[in-house]
Amino acid sequence: MIPMVNLQAQYAEIQDEIVGGFSETLNNCAFILGPNVQAFEKEAAEYLGVKHAIGCASGTDALHLALLAEGIGAGDEVITSAFTFIATAEAIKYVGATPVFVDIDPGSFNITPENIEKAITAKTKAVMPVHLFGQPADLPAIKAICDKHGLKLIEDCAQSFGATVYNKQTGSFGNAAGFSFFPSKNLGCFGDGGLVTTDCDATAAKVKQYRNHGSEVRYYHDVVGYNSRLDELQAVVLRAKLKRIDQYNAARRHAAHLYSELLADLPLATPYEDGIGVHVYHQYTLLCDRRDEVMKALQEQQIASAIYYPVPLHQQNVFKAECAGVSLPITESVAARCMSLPICANLSDDNVRKIAGVIRGVFQA
Ligand SMILES: Cc1ncc(COP(=O)(O)O)c(C=O)c1O
């Protein structure tokens with residue numbers, strides 16, 4: 001079987017380092033906000049080029065805490081994408097705000113500056129672009145719109161660790177950003193984990209307070225907070241993988257470019273790089289009118305494939321009623337035709353060739 005992500009192969013390469021780190025933690029028993037969390041936060045902030053990086057329990061929590069700390073709340077509108085994982089919009093709902101979904105660019109799958117600007121109302125407080133599948137949204141243009149209209153920019157970087165725009169990391173453009181360390185992410189841990197980044201001292205202080213029961217001083221609580229701390233054992237894993245993230249992302253880009261070369265002449269749309277940023281291919285996603293046939297042929301050859309995402313958020317049961325009348329033609333058309341192929345740092349050229357060969361076979365039959 002060729003899986004979507006080969007986590008076993010990745011683990012085998014770093015096993016000694018991780019087991020050594022686990023053993024140290026098990027011996028010193030500093031399980032909560034211990035030395036590895038502190039070191040990881042420092043290393044991640046340095047890598048991402050931000051003043052503060054604050055570990056928390058998941059990517060969903062990272063977005064939630066970032067919105068809370070930036071003061072987004074009831075009555076506010078947040079402009080975002082409907083072509084994303086549900087957590088993007090859940091975080092907006094958790095703070096009592098309303099997600100306003102705008103349409104995407106059919107090539108990059110990211111929300112466009114033009115669509116964002118058209119959706120701004122007196123209630124708009126923030127824009128939350130998602131750097132979908134690892135391709136940065138048009139951050140310079142989106143930031144200019146936010147600055148012009150006095151809006152907060154909160155980046156959903158769940159899929160974009162290491163992606164850059166003009167050599168500047170995603171997660172370093174906005175007022176704050178949220179990253180996910182779900183195991184299959186470009187930087188993934190061995191369970192759930194997340195990170196908030198910001199250059200603002202006040203936002204960082206609030207996120208630290210919210211993630212730890214609203215407390216700055218132990219057993220003194222100033223606001224109603226949450227239990228959303230990054231686990232010390234996960235920080236051991238993340239430190240080992242952060243050292244190798246550039247190599248992992250380069251290997252993903254290599255596999256993606258090989259796929260695109262091998263599939264170039266077929267009647268499907270291979271991922272488009274918009275030239276604004278460096279895509280880190282969290283997913284390699286095609287548009288294909290014969291999606292069911294291609295996925296069936298791959299499955300017959302023991303090759304995984306997946307649809308991210310089959311139902312855009314404005315059409316999900318949870319949002320259907322509040323989004324009645326919302327029409328996002330590009331999002332809807334992309335959701336009906338998208339499919340993702342296996343991609344990870346350990347995908348061999350031979351396997352890329354094999355997968356591309358199976359797809360070619362469908363069109364030649
Ligand atoms: C775009 C996007 N946003 C947010 C999240 C939420 O992250 P987590 O699963 O770590 O809560 C994910 C991860 O699945 C995601 O892909």
Side-chain angles (χ1 to χ4, degrees), residues 4-5 7 40 44 53-68 78-95 97 99 101-102 104 108-111 126-137 139 142 153-163 170-171 174 176-197 207 210-211 226-231 234-235 237-238 241 252 277 279-285 306-314 316 318-319 331 334-335 338 340 343-344:
M4 292 298 288
V5 190
L7 291 176
F40 173 69
I54 304 130
C56 62
S58 69
T60 310
D61 280 7
L63 295 172
H64 177 201
L65 300 184
L67 287 162
L68 263 182
V78 180
I79 297 172
T80 191
S81 179
F83 191 53
T84 177
F85 183 59
I86 188 76
T88 309
E90 280 177 328
I92 296 168
K93 294 298 273 189
Y94 293 160
V95 299
F101 300 116
V102 298
I104 55 172
S108 70
F109 306 139
N110 285 322
I111 55 173
V127 179
M128 190 189 276
V130 181
H131 307 305
L132 199 75
F133 305 145
Q135 168 132 266
L139 284 167
I142 295 173
L153 172 58
I154 318 274
E155 299 172 64
D156 182 338
C157 297
Q159 305 188 0
S160 71
F161 201 102
T170 57
F179 288 84
S180 164
F181 301 133
F182 186 79
S184 61
K185 294 292 196 275
N186 287 41
L187 181 65
C189 60
F190 290 174
D192 281 305
L195 190 79
V196 179
T197 54
V207 171
Y210 280 125
R211 78 165 168 185
Y226 300 85
N227 180 351
S228 182
R229 298 167 299 221
L230 179 66
D231 191 275
Q234 302 302 348
V237 178
L238 291 165
K241 291 196 186 182
R252 284 174 179 271
H279 192 331
V280 291
Y281 290 96
H282 171 59
Q283 297 298 340
Y284 182 87
T285 302
I307 300 175
Y308 307 118
Y309 296 93
V311 182
L313 300 194
H314 67 298
Q316 293 280 354
V318 55
F319 287 122
T331 296
V334 164
C338 63
S340 302
I343 193 151
C344 62

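Whatever order the structure lists ligands and atoms in, that order sets their numbers, starting from 1. Computation of the quantities below employed the complete heavy-atom set of this structure, encompassing side-chain atoms and omitting hydrogens, waters and symmetry-equivalent molecules.
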Colleague: Report yes if some N/O of Q159 lies less than 3.5 Å from some N/O of ligand 1; otherwise report no.
Modeller: yes

Colleague: To the nearest 0.5 Å, how far apart are CD in E155 and OG in S160?
Modeller: 7.0 Å

Colleague: Closest by any non-hydrogen atom to atom 8 (P) of ligand 1: pick that one out of G59, A91, A89.
Modeller: G59

Colleague: Can you tell me how far OG1 of T331 sits from CZ of F83, rounded to the nearest 0.5 angstrom?
Modeller: 7.5 Å

Colleague: Tell me the protein heavy atom at minimum distance from atom 3 (N) of ligand 1, and give that distance in Å.
Modeller: D156 OD2, 2.8 Å

Colleague: Check whether the ring centres of F181 and F40 lie less than 6.0 Å apart, and answer yes or no.
Modeller: yes

Colleague: Say whether S180, considering both its backbone and side-chain N or O atoms, lies within less than 3.5 Å of an N or O atom on ligand 1.
Modeller: yes

Colleague: Using a 4.0 Å cut-off to any heavy atom of K185, which atoms of ligand 1 qualify?
Modeller: 12 (C), 13 (C), 14 (O), 16 (O)

Colleague: Which ligand 1 atoms are under 4.0 Å away from a heavy-atom of V130?
Modeller: 1 (C)

Colleague: Checking the side chain of Q135 only, and the main-chain atoms of H279 only, is there a donor and an acceptor separated by less than 3.5 Å?
Modeller: no

Colleague: Fit a plane to each ring of Y308 and F133, take the angle between them on a 0 to 90° scale, and name the class: parallel (under 30°), tilted (30 to 60°) or perpendicular (over 60°).
Modeller: tilted

Colleague: Can you spot which of L63, L230, D61 makes a side chain to side chain contact (heavy atoms under 4.5 Å, CB included) with C56?
Modeller: D61

Colleague: Which ligand 1 atoms does A87 reach within 4.0 Å, using its non-hydrogen atoms?
Modeller: 4 (C), 5 (C), 6 (C)

Colleague: Taking only residues two or more places apart in sequence or in another chain, which ones pass side-chain contact (heavy atoms from CB on, under 4.5 Å) with L7?
Modeller: V5, Q10, P183

Colleague: With atoms numbered from 1 as shown, which atoms in ligand 1 lie under 4.0 angstrom from a non-hydrogen atom of T84?
Modeller: 1 (C)

Colleague: Is there a polar contact, in the sense of an N or O pair closer than 3.5 Å, between A158 and ligand 1?
Modeller: no

Colleague: Report the part of T60 (side chain from C-beta onward, or backbone N, CA, C, O) that has a heavy atom under 4.0 Å from ligand 1; answer both or neither where that applies.
Modeller: both

